Amino acid sequence: MALTQIDHLDAEMDNCINDCFEATQACEWCADRCADEGEEMAECIRLCRDVADIASMHARFMARNSNYSDQLAEACAGVCEECAEECSRHDHDHCQVCADVVEDCAESCRQMMA
């Protein structure tokens, strides 16, 4: 596999990249589904979109060994935690799945900062 050739990625970074991409997917799905749920889901949609954008950016910055990935890790973890809190308030399956996924992403990002 070509990705095994990326020599600067350790297991922790690889896990964080995977968690970020999984959060991106879950948040895009959740935001799309929330759009059909009504105006009361506006904050959930906003936070999911924020996570999708910053998590995918953070994964790309880690893959290219950017000097700014630590700052993005902090921002990503913060947005993920806020999104998880918002999603967990809603009973929809997509929100509950999203909350779990973004919590994992936040944890991975916090580990990257350590």
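For this chain, numbers begin at 1 and follow the sequence in order. Note that the structure is predicted; figures quoted are calculated from it, not measured.
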Side-chain contact, heavy-atom cut-off 4.5 Å: [X] with [Y]?
X	Y	value
Ile54	Leu72	yes
Met62	Cys16	yes
Trp29	Val97	yes
Glu103	Asp100	yes
Cys20	Cys109	yes
Asp32	Glu28	no

Measure from the side-chain N and O atoms of His58 to the backbone N and O of Ser69, and report whether any donor-acceptor pair falls under 3.5 Å.
yes

Asn18 side chain to Asp14 backbone, donor-acceptor under 3.5 Å
yes

To the nearest 0.5 angstrom, please state how far the [atom1] atom of [X] sits from the [atom2] atom of [Y].
X	Y	atom1	atom2	result
Asn15	Cys105	CG	SG	9.5 Å
Ile17	Glu22	CD1	CD	14.0 Å
Asp70	Met113	CG	CE	8.5 Å
Gln71	Ser66	CD	OG	8.0 Å
Glu82	Leu47	CD	CG	5.0 Å
Glu43	Arg89	CD	CZ	8.5 Å

Closest approach of Ala23 and Val102, non-hydrogen atoms and distance?
CB-CG1, 4.1 Å

Ignoring hydrogens, what is the shortest heavy-atom contact between Arg49 and Ala31? Give both atom names and the distance.
CG-CB, 4.2 Å

Under the side chain to side chain contact (heavy atoms under 4.5 Å, CB included) test against His90, which residue among Cys34, Cys30, Cys95 passes?
Cys95

Verify salt bridge (charged side-chain N to carboxylate O under 4.0 Å, His left out) between Glu37 and Arg33, making sure each step is shown before the conclusion.
CA-CA 7 Å; Glu37 304 291 343; Arg33 295 292 302 272; 5.1 Å; no

With sequence neighbours excluded, what pairs up with [X] under the salt bridge (charged side-chain N to carboxylate O under 4.0 Å, His left out) test?
X	result
Glu12	none
Arg110	Glu81
Arg60	none

